[in-house]
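Worksheet: one structure, shown below.
Quick note on labels: first sequence line is chain A, next is B, and so on, each numbered from 1.
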Amino acid sequence: MTDILLIVFAITVLFMSIANRIYTYINILIFQGFILFGVTYLSLTEINTWNLILIMLETIIFKALAVPLFIKYLIKRNKITREAEPYLPNFISLIIVTTIIIITIILSSSIEDTYLDKTYFVVALANLFTGLYLIVSRKKIIIHVIGYLIIENGVFVLALAVGNEMPMLVNLGIMLDIFASVLILGIFFNKLGDVIKDPDVNFLRKLKD
Amino acid sequence: MIAIFLLGTLLICSLLFFNKNTIVNYTLVIIYAILLWALGFYEYNHINIVEFVYFKPDAIGVLLLFALCIVSIPTLYHCYLYIATHDETPHSRGLFFASMIMLLSACSMAYLSNHIAVTWIFVELTTLSASALIYHHRNIRALEGVWKYVFICALSISFIYIGILFLSLAMKQAGIEDMSFDSIMEHYDMLNLFWLKLSFLFIFTGFTAKIGLVPMYTAGIDAKDKAPAPAGAMFSSVLMNMGFIGIYRIYGIVSHTQIQHWASVIIIISAVLSIFVATVYMTHIKNIKRMFAYSSIEHMGIVMLGLAVGGIGVYAAILHIILHTFVKPSLFFQFNQIYRVFQSKSINDVGHYFKYNKTGAIVILLGFISATAMPPSGLFISEFLVFQSLFEAHQILILILVLILLTMIIWGFGSNIFKLLFTPPLSIDESKIPRINPLDSVSQYILLALSVYLAYNPPAEFVNLIQEAVTLIQ
């Protein structure tokens with residue numbers, strides 16, 4: 001069951017590579033949050049109940065609801081246009097993301113380690129690299145934020161793989177999540193919207209040598 | 001003591017944030033400075049004793065903590081000068097000092113932490129406090145600087161986190177549960193080397209954002225440019241030291257294993273590329289503050305070279321980073337006076353600085369000599385030792401390349417500094433130039449003199465601490 005969820009999770013990044021509208025990205029983020037909720041429940045079988053409840057609450061409240069809804073609110077408030085404005089055509093994006101997934105599968109099959117479930121490893125790395133790819137290939141700053149959140153989701157999957165032995169690391173992951181999202185979104189993106197309407201990266205290209 | 005220090009910091013920060021009274025504000029800052037020094041002395045007297053479960057003041061931690069204590073006093077004084085000349089509201093003044101204090105505390109705790117996860121938490125905290133400092137002026141360019149800084153630092157802490165996860169996988173096989181540096185060091189021969197390699201790669205890349213090396217150095221440059229100069233001084237000294245200690249501790253573990261050679265190659269590549277990047281920008285740059293920032297990148301490259309080559313190089317690296325902690329802030333402090341005279345950061349608008357501010361101009365000249373490591377600068381000794389270690393390790397090609405790049409840096413740096421000091425400015429209204437109090441430059445003289453003193457006549461305790469710190473690396 002965990003494997004099925006993780007594979008669905010990997011498929012979502014393919015969807016993301018061909019998405020045009022920002023809302024599609026947000027819906028995929030919400031979907032990923034729910035999948036993580038399920039994966040957390042299924043993988044962390046050995047940790048104490050309170051910690052498990054805390055982690056699951058974080059995935060459902062923070063990853064699946066609060067952050068995506070807040071991004072939706074920001075888009076409305078700052079009147080950001082709905083188009084993601086990729087630098088590359090969708091077809092090429094799809095090929096690149098597929099290549100990323102294939103490479104991570106090849107990479108993980110070359111590892112000889114009985115201590116790690118490789119599905120987690122593949123899904124985590126695929127998310128990490130797709131997130132990085134989205135950041136460099138999209139014009140809008142809000143998509144960069146979404147790309148970062150996808151990286152976080154990938155990292156969280158990796159944390160779940162070691163979560164039973166070291167629950168502290170999963171808690172640290174939650175801290176990273178909350179800290180970075182609050183810092184990037186809460187304090188900051190609000191201000192960005194106030195000063196610049198319709199933020200795209202071209203407004204932020206003056207600091208250079 | 002660490003618990004008291006953390007509580008004290010929290011209390012002082014929150015009081016500063018809500019307080020509106022000027023006298024209370026500065027009293028709190030003075031209390032903090034006393035608390036910080038008390039911590040420094042306490043930890044020096046309790047070296048290698050585990051405290052508050054996760055902290056252990058070892059030699060390298062104590063050295064960097066003392067360096068932080070020493071620069072914190074002039075920093076807080078220059079913060080006061082900065083705020084006094086800028087007509088700040090009580091709220092923005094409180095926020096500025098609170099963030100500065102949080103930055104200093106987070107860095108000191110990261111030095112003393114003996115647990116990789118705890119170090120990571122304090123790295124996060126420095127990002128938070130640094131972003132408040134960068135965004136101090138609330139304008140569009142500051143916004144751009146802080147956005148880039150926050151985004152890249154967020155990525156970097158995710159990278160460090162991934163590195164920690166891989167490290168836990170490397171430890172799983174060995175059956176180690178405790179992630180403290182001591183416990184990992186004890187079982188280094190049982191770690192899974194594949195995961196350790198990946199872990200080192202991610203942790204190193206993550207920390208490059210803080211220390212200012214290729215690949216993630218970019219955010220730091222914009223941050224130092226847009227933050228007020230005293231904050232820029234901290235970013236290019238104590239914050240970089242924090243990146244250094246992160247890399248130093250993980251490399252300390254790796255250097256005992258078979259992948260030591262591989263790791264040192266990675267560090268050397270990053271170091272040489274950093275010096276190269278610094279050279280490219282230093283020879284073209286027109287913004288004085290960014291020039292200082294790129295000079296820091298160059299110095300971190302040299303430090304990393306010493307660390308990676310080993311032998312006497314490790315000693316030199318630690319000496320270099322400590323001396324750099326004193327030299328670079330003095331240049332940044334001086335920048336505020338330059339800005340008050342010329343109202344510009346651009347090298348095209350400045351000139352004849354000797355005429356307008358003699359004491360300040362001498363600081364710039366001495367700072368230039370120190371930062372380019374020309375004798376009698378203290379950095380000359382440490383840089384010389386790094387080159388000696390490169391020579392002994394038969395890395396002649398790298399040595400020649402670095403020497404050529406450094407010569408170009410001296411040329412670029414020098415032509416800008418001499419323009420600032422001696423060439424007449426294009427157009428300047430001399431009636432508007434304020435008189436700068438010579439006493440404002442005293443702290444810079446002391447810091448520069450200290451760097452010379454520590455290099456040429458180091459006290460025995462100082463040498464012992466460095467030698468003890470070197471034993472972490474094999």
Side-chain angles (χ1 to χ4, degrees), chain A residues 107 110-116 120-121 124-125 128 131-132 135 141 144-145 147-149 151-152 154-163 165-166 168-173 175-185 187-189 191-192 194-196 199 201 203-209, chain B residues 115-118 120-121 124-125 127-128 131-132 135 138-148 150-151 153-155 157-162 164-173 175 177 179 192 194-195 198 202 218 221-223 225-226 280-282 284-287 290-291 293-294:
Chain A
L107 191 75
S110 68
I111 302 169
E112 288 165 14
D113 189 336
T114 46
Y115 291 87
L116 179 74
Y120 287 92
F121 187 71
L125 278 196
L128 171 68
L132 287 175
I135 291 172
I141 298 175
H144 296 188
V145 175
Y148 179 71
L149 293 171
I151 294 178
E152 297 244 291
V155 175
F156 193 76
V157 170
L158 198 62
L160 289 180
V162 295
E165 287 81 10
M166 295 190 180
M168 183 200 75
L169 288 179
V170 186
N171 292 338
L172 277 186
M175 238 185 87
L176 169 73
D177 238 20
I178 296 178
F179 170 82
S181 317
V182 166
L183 194 65
I184 292 183
L185 289 168
I187 309 167
F188 192 61
F189 203 80
K191 295 246 161 64
L192 207 63
D194 284 342
V195 187
I196 326 163
V201 278
F203 286 98
L204 300 179
R205 279 192 178 159
K206 291 286 183 314
L207 282 185
K208 58 185 174 189
D209 302 297
Chain B
H115 195 288
I116 188 150
V118 177
W120 180 80
I121 291 170
E124 276 188 8
L125 271 182
T127 310
L128 182 70
S131 48
Y135 195 49
R138 305 276 187 276
N139 58 31
I140 174 99
R141 293 280 78 88
L143 186 67
E144 183 183 341
V146 76
W147 165 253
K148 287 178 177 170
V150 165
F151 199 77
C153 283
L155 269 181
I157 50 175
S158 302
F159 272 48
I160 302 176
Y161 179 65
I162 297 172
I164 296 175
L165 288 176
F166 285 143
L167 188 63
S168 78
L169 282 170
M171 290 159 56
K172 221 173 175 181
Q173 211 173 35
E177 298 252 313
M179 286 197 93
N192 180 320
F194 174 77
W195 294 119
L198 271 187
F202 275 95
T218 47
I221 303 285
D222 293 336
D225 180 19
K226 295 326 290 180
V280 171
Y281 284 107
M282 292 278 281
H284 289 91
I285 207 151
K286 295 292 168 231
N287 180 328
R290 292 174 84 87
M291 181 173 73
Y294 278 112

_Counting only non-hydrogen atoms closer than 4.5 Å, does A/F121 touch chain B with its backbone (N, CA, C, O), its side chain (CB onward), both, or neither?_
side chain
*asked:* Can you tell me which portion of B/M291 sits under 4.5 Å from chain A's heavy atoms? Options are side chain, backbone, both or neither.
replied: neither
*Atom CE of B/M179 and atom CE of A/M166: how far apart are they, to the nearest 0.5 Å?*
5.5 Å
_Does any backbone or side-chain atom of B/K286 lie under 4.5 Å from a heavy atom of chain A? Answer side chain, backbone, both or neither._
neither
_I need the residue from B/I121, B/I164, B/I221 with the largest number of non-hydrogen atom pairs under 4.5 Å to chain A._
B/I121
_Shortest non-hydrogen contact from A/H144 toward B/F151_ = O-CZ, 3.4 Å
*Between B/I285 and chain A, which part of the residue has a heavy atom less than 4.5 Å away: side chain, backbone, both or neither?*
side chain
*Between A/E152 and A/A180, which heavy-atom pair has the shortest distance, and what is it?*
OE2-CB, 4.3 Å
*Of the backbone (N, CA, C, O) and the side chain (C-beta and beyond), which part of B/D225 lies under 4.5 Å from a heavy atom of chain A, both, or neither?*
side chain
*Where does A/L172 contact chain B at under 4.5 Å (heavy atoms): side chain, backbone, both or neither?*
both
*Measure distances from B/T218 to the heavy atoms of chain A and classify the residue's part below 4.5 Å as side chain, backbone, both or neither.*
neither
*asked:* Rounded to the nearest 0.5 Å, what separates atom CD1 in A/I135 from atom OH in A/Y148?
replied: 9.0 Å
*asked:* A side-chain contact here means heavy atoms from C-beta on lying under 4.5 Å apart; do B/I157 and A/F179 qualify?
replied: yes
_Pair B/W120 + B/F202: ring centers closer than 6.0 Å_ = no
*Distance-minimising heavy-atom pair for B/V150 and B/S131*: CG2-CB, 3.6 Å
*asked:* Counting heavy-atom pairs under 4.5 Å with chain B, which one of A/L169, A/V162, A/L176, A/L132 comes out on top?
replied: A/L176
*asked:* Using heavy-atom distances under 4.5 Å, tell me whether A/A161 contacts chain B through its side chain, its backbone, both, or neither.
replied: backbone
